[in-house]
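In what follows, every heavy atom counts, from backbone to side chain, and hydrogens, waters and symmetry copies are set aside. Numbers restart at 1 for each chain; the letters A, B, ... are given by sequence-line order, proteins then strands.
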Protein chains: 2
Amino acid sequence: MLDFEKAGGLIPAIAQDADTGAVLMMAWMNREAFEETCRTGRACYFSRSRGKLWRKGEESGNIQEVREIFIDCDADTILLKVRQIGGAACHTGYASCFFRRLEGDDVRIVGERVFDPKEVYKK
Amino acid sequence: MLDFEKAGGLIPAIAQDADTGAVLMMAWMNREAFEETCRTGRACYFSRSRGKLWRKGEESGNIQEVREIFIDCDADTILLKVRQIGGAACHTGYASCFFRRLEGDDVRIVGERVFDPKEVYKK
């Protein structure tokens with residue numbers, strides 16, 4: 001169904017807010033993460049930096065309830081339509097990880113900050 | 001501004017329809033493709049299979065006019081908001097490459113087919 005091998009075991013997974021249509025984030029899934037996502041209905045990714053499954057929201061509580069899963073034409077990328085609990089997908093507290101817009105040679109923050117990461121992650 | 005090195009020279013680029021909010025496709029950009037996209041205002045990707053720049057629409061005419069470019073929190077993924085000329089991003093003729101939905105163990109075509117690829121690509 002999905003071609004995990006083509007990309008060395010990991011495929012890109014895009015999360016889109018099912019209600020607003022905002023693209024929230026892009027992360028990676030291995031087969032195990034994909035199967036857990038399908039089984040539980042909660043987005044589970046694979047963290048390349050930590051080298052293990054990343055159950056989105058396990059620390060912050062901001063889980064993603066998966067409404068629909070789409071597969072692209074090449075079967076090597078997936079799109080999740082999710083309900084983002086807490087209103088923010090990004091660990092920086094912004095609703096979307098894509099909170100910065102390119103403007104000429106500058107980058108400007110245009111996203112909406114929903115929470116203060118210091119409060120949420122207690123770090 | 002973008003971390004091309006982290007992912008071995010290529011970063012994922014998500015194209016979203018600026019008007020409808022539909023996620024159209026995910027492809028890759030190297031630095032050259034990114035710079036060309038910024039310079040021309042038309043989406044230019046890097047084709048991994050062909051090993052060269054892929055000026056989206058160069059064969060079909062279905063170019064993507066770039067309205068906005070967003071950079072994610074890690075600076076290793078970009079989101080393009082585009083106007084998709086011809087109404088279809090996918091080489092199969094569907095509006096979005098994500099035209100198949102997972103339904104249990106089945107995959108069902110739910111997307112809208114805009115053109116017949118045989119007519120467009122003359123192959």
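By the 4.5 Å heavy-atom criterion applied to side chains, B:Pro12 and A:Pro12 are not counted as neighbours.
Residues B:Phe70 and A:Leu79 share a single hydrophobic cluster, defined by chaining ILVMFWY side chains whose heavy atoms lie under 4.5 Å apart. A chain of hydrophobic side-chain contacts below 4.5 Å, direct or via other Ile, Leu, Val, Met, Phe, Trp or Tyr residues, connects A:Met29 to A:Leu24. Cluster membership for A:Met25 and B:Ile71, using ILVMFWY side-chain heavy atoms within less than 4.5 angstrom, is not shared. Residues A:Ile69 and A:Leu53 do not share a hydrophobic cluster, defined by chaining ILVMFWY side chains whose heavy atoms lie under 4.5 Å apart. When hydrophobic clusters are built by joining Ile, Leu, Val, Met, Phe, Trp and Tyr residues whose side-chain heavy atoms come closer than 4.5 Å, directly or via intermediates, B:Leu80 is not grouped with A:Val110.
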Taking only distance into account, so ignoring hydrogens and angles, what donor-acceptor contacts under 3.5 Å exist between chain A and chain B?
residue: A:Gln16; atom: NE2; partner: B:Gly21; partner atom: O; Å: 2.9
residue: A:Gly21; atom: O; partner: B:Gln16; partner atom: NE2; Å: 2.9
residue: A:Glu68; atom: OE2; partner: B:Arg101; partner atom: NH1; Å: 2.5
residue: A:Ile69; atom: O; partner: B:Leu102; partner atom: N; Å: 2.8
residue: A:Ile71; atom: N; partner: B:Arg100; partner atom: O; Å: 2.8
residue: A:Asp72; atom: O; partner: B:Arg100; partner atom: NH2; Å: 2.5
residue: A:Cys73; atom: N; partner: B:Cys97; partner atom: O; Å: 3.0
residue: A:Cys97; atom: O; partner: B:Cys73; partner atom: N; Å: 3.1
residue: A:Arg100; atom: O; partner: B:Ile71; partner atom: N; Å: 2.8
residue: A:Arg100; atom: NH2; partner: B:Asp72; partner atom: O; Å: 2.6
residue: A:Arg101; atom: NH1; partner: B:Glu68; partner atom: OE2; Å: 2.5
residue: A:Leu102; atom: N; partner: B:Ile69; partner atom: O; Å: 2.8

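Considering all non-hydrogen atoms of both residues, B:Phe34 and A:Leu102 come closest at CZ-CD2, 3.8 Å. Shortest non-hydrogen contact noted between B:Phe98 and A:Ile78 is CE2-C, 3.9 Å.
Only the side chain of B:Val107 comes within less than 4.5 Å of a heavy atom of chain A; its backbone N, CA, C and O stay farther away.
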